Structures are given as C-alpha cells and as structure tokens.
Chemist: 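Pasting a structure below so you can have a look.
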Amino acid sequence: MRYIARKLGFYAVALWGALTVNFLLPRMLPGNPVDILVAKLSARGPVTDELRDSLELLLGGAPDQGILEQYWVYLVGIFTGNLGISITYYPVPVVEIIGQALPWTLVMIGIGTLLAFIVGVALGMLAGWKRGSWLDNLVPVTTMFQAVPYFWLALVLLYILSVGLGAFPVSGGYNYNVAQPGFTWDFVGTAIYHGTLPALTIVISSFGGWLLGMRNMMVSTLSEDYIVTAEAKGLRPMRIMTAYAARNAVLPSVAGFAISLGFVVSGSIVTEQVFSYPGIGSTLLQAVNNSDYALMQGLFLVITLAVLGANLIVDLLYGVIDPRTRANG
Amino acid sequence: MAHESSRTVDDAETASGDAAATVPTSGRTEKEIIFSDLEVPATASTNMALRKNSASPLTATFAAVRTNPPKKAPRWRSVLPPMTPKLATGLILIAAIVLFGVLGPVFLGNPRSIRDIGRTPPGGEFLLGTTQTGQDVLAQLAHATQGSLLIGLVVGVLALILSMIFGVIGSYVGGWLDESFSLFTNIMLVIPGLPLVIVISSYVEDKTIWVLAVVLAITSWAASARVLRSVTLSLRSRDYVAAARVSGEKSWRIIVVEILPNLIPVLASQFVLAIIAAILAEAGLSYLGLGASGTFTWGTMLFQAQNGFALTLGTWWWFVPPGILIAVLGGALSLVNFAIDEVVNPKLRTTTLRKDKKRLKKRLHTTTEGGVPV
C-alpha cells in the first residue's frame, strides 16, 4: 500500500511539474504568441487594435492579470476540461480536436510498441540462452536498425512498398471512399490496411533495443546459482529457459518499457508526419505551423498525460511482478 | 572499476614504504583478489544500472596475471577496452565520417549553387546526383555531416555536464539535495522529450544551431543522470571514499579525485549514447522543418528532399544518403559503446562458448587460485 501511495505521490508531482512547464513556456520564451499571430495576419491585411485585443483574450494572455492569477485560471481550466479554442479549426474547442486524433495514435502506436516489445524480448531470450549462436551474432545487426531514424526507415519503406510496389497506401489513416469512421467492418479493414506500414516501421526500428537488453540480462541471469540448481534437478531446458531464467531477466525490460514510452511517442510524431497519419503527431505539427498555441499546449498536455499514465500503470504492475520493489519502498 | 581499485591498493603499498616492494608478487595478487572480492557484494545489486558497474573478480585476476612479470605495464592501458574487431570497425567508421565532415566542405563546391540539371541520377560529374534545383547532393551531404556532427558533439558535452551535476553531485552530497535532484531527474525523464522540444522551438524565432543544441541538451540529460546517480551511490559507500573523507579531504576533491576516475567508463558510455540521441533528435526536428535556420544537417536535407517531392518523383539519391550516414554513425557509436560496456561488465563479452572453454583451460594452468567463478 505504501508503495502505491509513494508512486501516486510521485506522479502527482510529475504531473504538476509538466502542467507548470506547459504554463511557463509561452510566458518565459522570447516570442510572444500574439505578436507572432499579428505578424502573420498583417501579411494578409491591416490588423486593427480590436482584433489584437480579441486575440489576446483568445490566447488567455490577458496582460492586466497577474502571473499567479493567470496560473490559477489555467489550472482551473484544465481540470474542467477547458483547453481553449483552436485557431486552425476555429471555433472548434481544442478538446474536441484532440478527441478525434487520439484514438488513431493510441491504437497504431500501442499495437506497434507492444509487438516490438514481445518480439524483442522473445528473440533476446533465445539469443541469451544460446550465447554465441548465429542468433546471438545477429544482435549487432539489429542494433544497427535501432540507429536508423524512425522516420527515415518510414521514408524508405514508403518509397519501396507504397510508391514502388503499391502494396500499401501512400498516406492517410483510412480510405474515404470505402467507409466513414465508425465501428463497421469496412472501416476497421481500411484502418488496419492503412495502419500496417506505420506500425511496422515502429516494430522494425525499436525491437533491437529490447532484444539487446533482454539478451544481456539473460546472460547475467544464467550464471546465477538457482539456474545451476534447476539444471541439477534435471528440469527440461525449455522450463529452465522460460520459468527460471527469462522470468527473472525480463524485469528490467518491463521497467525500461515505461521509460521508453516517451521515446516511442517522440519517434512516432515524426513517423505520423511521413505517413500523413491523422494522429496526435501530425495535429501537433499542424498546430505548430499555424501558430495555434492553444492546440499546441493542449496536445503537449495530452501527450504528457498519456506517458505519465502509462508509466504509472507499468510501475504498479512492476510492484506486482517483482515483490522486492515493494519491500524496498 | 576493478583496475581502478587495484590502483588504489597499489598506491597505498608504494606509499607505505619499501617493505611493500619486497612482498612477493603472488602475495599482491592474493591481496588484490581479496580486495575486489570484498567489493562485489556492494555492487551486485538488482539494479541494472548498478550491474553495469559490478566488477567481477575475473578482471582483477586477469589484470594481476597480466601485469605480474613485467610489473611496469602502463596502467592506462588496462582501462582502455581491448581492441576487438567490433571496436575497430566502429572506430574506423567514425573516423571516416568525421573526416568526410571536416574535409568534405573544403574540397566540394558550394552546396547552394543552383544548376539547370535538376534531378540528375548519380554518376558522372556529380557522384551522388543532383537535387530538384540541380544542387550537388554530395556537397550538401558533406556540409550536412559537419552540421550534424557539431550538434551531436555540443549536445553530448552539454548533456554530460548536466547529468553530472544532477547525478553525481546530488547523490554524493545526499540528504534533501539528493532527494530533490533525484525527483527533478525523474520528472524530466517522464516528460516526453521531442514534443517538449517541438513546443519550445516553435516559440523561439531565428533558431541558430547553438540555441537548438541547448534545447536538445535540456531535454536529454535525465536518463544518464539516473545511471550516474546509481553508480555514484554505490561508489560513495566504498572504503577508500570513506577513508578520504575521514582524512579530511574536501568534498569537491573527493568527487574529482576519488569518484570521477571510477566513473569514466560509465561517463564514456553515456556520452556516446547522448551523441546518438542528439543526432537522431536533431534529424527528426529538422525533418519537421523546426531545425536551425540556414544550417545544413542530415535532418534539413531530408526536410528539403521531402519538400522537393523526392519520394513521389523517385529521387532516391537525395533522401537515402543522409539516412544511411545517420544509421552508420549510430551503429558505429553503438559498437564503441558495446566495447566500453564489456570493460565495465565482463559478463557481456560475446565470446563464443568454445572460446570460453579454451580460456578457462588456460586460466586453470596459469593461476593457482583456480576457484574463481566464471
């Protein structure tokens, strides 16, 4: 119980930190959102003072308010689900836009990441078990894959498989001609068809890391005394590998899974851009290109929340599968 | 680690006078083994980061056996990773890319000059072909290599300094400073980096390469700070650090003289990782069009290729080379990192089983204390 409370406490503090960063960034950095917007608008025509005032109100940066008052309004806004109004899709609320983009990213990246983890850990287990075998010698090659930038691999796969062979669609999340979003078989089919290549790039470029980590832990675990005992008892090798060695060796990988989620989200933002995938990443970029600060802040908040939430789940799970963490507090 | 600790024993012996010099060499070996055996329980922890640091008695034995007859083998050699084919490959690849980045821009022409021979395939006058506007891809690649290497190096150094401040100092001093540093590190670790960089860079107008480097460094030091913290925590409880403290050494001196030298392999490995991460992050950011303005990097090349419809027009020679260079450099750096890791943690050595047996046999013949576990 104390373990859970400690973890919840930490994530509460982390959440507060992220919220504060999100609040302070536009106020600390030199560029003023309103000025940037006015500069952009003035290219199209004269900007009146009234327009400028209304922009300031829209962006929540009322200059006559003190910074603490602004901070309070901001916090209250977040907990009541009010993230402001998007300029790009004026006058749609930011929450609504995020709600449309989030499922795409969650499903595609979630499946891709999980697959990469499972494939990597399974291969790492085998490579560590048979140290020096052909599979083990392939380990450096797979880490080479890891050094390849996500998005470049996506570009190359897109070029070969979609532009060249026509095996996969070039862009988008689903085919507008086949079906409209909804829970119909047609739609799910086209969504899977469009999501395969982006997910595949995530699997290819990230399973190498899991493989290496698992392999190294397997090698360390195999030299433990309880493995020798298990062998001496005459247990089948299969059982020693899975129930004795792998079960203990996988623990750091599970812990690493939480930390890696941040990187996965980062990598997939760029990947989404390559495939013009209608997820969080391409929406964030759209917001950046249109100087849509409310949308940008909202998206950053959601991404942070998602990563924090996933971390919390993994941490709690870790407490269940490894009792030592609970004992040490 | 083991080498460093045996160094301390060595020094203590020489300091204690000539009596130490007359001690038979086998006695010294035994002493070293006992010393390093004592250390193992302190480091053999469940933490993976700590494990990196754990020195097996094996290294001590090897070091001792190797240095016994000539006695004055250069000490620094034992700290360097042995020259394996993997390490050699990595170093050669890195050297080749660095040379290309340093010398290429001098000899190859202006990467911006436009010609009326757009999208010429590789070969002939332009080894890697030309872009949509007839710019020489090879010249662009050379300038981009320089830019990316510069970013990687600067961010690597900055991230290393930050992680040392938050990882080493905090955990050495302990108390509330350690608590708060550690909390801050953990928070920075869970806040996703690239979205933060994207948001920050969208607020900053006229980004130079230096601003970009600072932003990337601020968002990337946390992971290595955590590793450094756990290693330092195990180091500060060692006997020789306690001895230094008791003898009245100042804190900064203990950190610099007693702790930092033992952190060098870990620092080197973290530095290599930071460079890879920085180059990848910069490439991603520039590919999105948020990179430094007016500078060539591998990422900006990919961005321009994307904007020049390289994908749909089939101009593969424009976007393939930068990615290959990123991958090769990243792969080479991780090969070097493997070599460093194998120094820190001998268990990871990827010798084949056959070689292991051979070595075991050899060792049984050479040492009298054959009972050291593998």
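Lettering of chains follows the sequences in order, A, B, ..., and the numbering in each one begins at 1. Keep in mind it's a predicted model, so treat the numbers as computed, not measured.
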Chemist: If you count heavy-atom pairs within less than 4.5 Å of chain A, which of B:Ala283, B:Ala305, B:Gly289 leads?
Modeler: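 So the answer, after comparing B:Ala283, B:Ala305, B:Gly289, is B:Ala283.
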Chemist: Is it the backbone or the side chain of B:Leu290 that comes under 4.5 Å from a heavy atom of chain A, or both, or neither?
Modeler: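 Only the side chain of B:Leu290 comes within 4.5 Å of chain A.
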Chemist: Counting only heavy atoms not in A:Asp225, do more than 12 fall under 6.0 Å of its CG?
Modeler: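 Counting other residues, nucleotides and ligands, CG of A:Asp225 stays at 12 neighbours or fewer.
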Chemist: Rounded to the nearest 0.5 Å, how far apart are CZ of A:Phe151 and CG of B:Leu288?
Modeler: 8.0 Å
Chemist: Heavy-atom cut-off 4.5 Å, strictly under: side chain, backbone, both or neither for B:Ile276 against chain A?
Modeler: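 B:Ile276 has no heavy atom closer than 4.5 Å to chain A.
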Chemist: Please look at B:Val320 and chain A and tell me whether the side chain, the backbone, both or neither of the residue comes under 4.5 angstrom of a heavy atom of that chain.
Modeler: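 Contact with chain A is through both the backbone and side chain of B:Val320.
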Chemist: May I ask you to name which of A:Gly281, A:Ala287, A:Ala14 has the most heavy-atom pairs under 4.5 Å with chain B?
Modeler: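 Highest number of pairs under 4.5 Å: A:Ala14.
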Chemist: Under the 3.5 angstrom rule, does the side chain of A:Trp152 hit a backbone N or O of B:Phe319 as a donor-acceptor pair?
Modeler: yes
Chemist: Where does A:Leu155 contact chain B at under 4.5 Å (heavy atoms): side chain, backbone, both or neither?
Modeler: both
Chemist: Out of curiosity, B:Ile187 CD1 to A:Leu308 CG, how far, rounded to the nearest 0.5 Å?
Modeler: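 Answer rounded to 0.5 Å: 9.0 Å.
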Chemist: Can you measure from CD1 (A:Ile303) to CD1 (B:Ile198) and round to the nearest 0.5 angstrom?
Modeler: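 Between atom CD1 of A:Ile303 and atom CD1 of B:Ile198 there are 7.5 Å.
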Chemist: Identify which part of A:Leu153 has an atom lying under 4.5 Å from any heavy atom of chain B, answering side chain, backbone, both or neither.
Modeler: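 Answer is neither: A:Leu153 stays 4.5 Å or more from chain B.
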Chemist: Looking at chain A, which one of B:Leu335, B:Leu329, B:Asn186 has the largest number of heavy-atom pairs inside 4.5 Å, strictly under?
Modeler: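 Answer, by heavy-atom pair count under 4.5 Å with chain A: B:Asn186.
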Chemist: Enter the distance from B:Leu194:CG to A:Ile269:CD1 here, rounded to the nearest 0.5 Å.
Modeler: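 CD1 of A:Ile269 is found 5.5 Å from CG of B:Leu194.
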Chemist: Which atoms of B:Leu183 come close to chain A, meaning under 4.5 Å heavy atom to heavy atom: side chain ones, backbone ones, both, or neither?
Modeler: both
Chemist: Given heavy-atom pairs under 4.5 angstrom as the criterion, report whether the side chain, backbone, both or neither of A:Val21 touches chain B.
Modeler: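 Side chain only.
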Chemist: Checking B:Leu196 against chain A: side chain, backbone, both or neither under 4.5 Å from a heavy atom?
Modeler: both
Chemist: I'd like to know which of B:Leu302, B:Leu285, B:Val197, B:Ile279 tops the heavy-atom pair count under 4.5 Å against chain A.
Modeler: B:Leu302
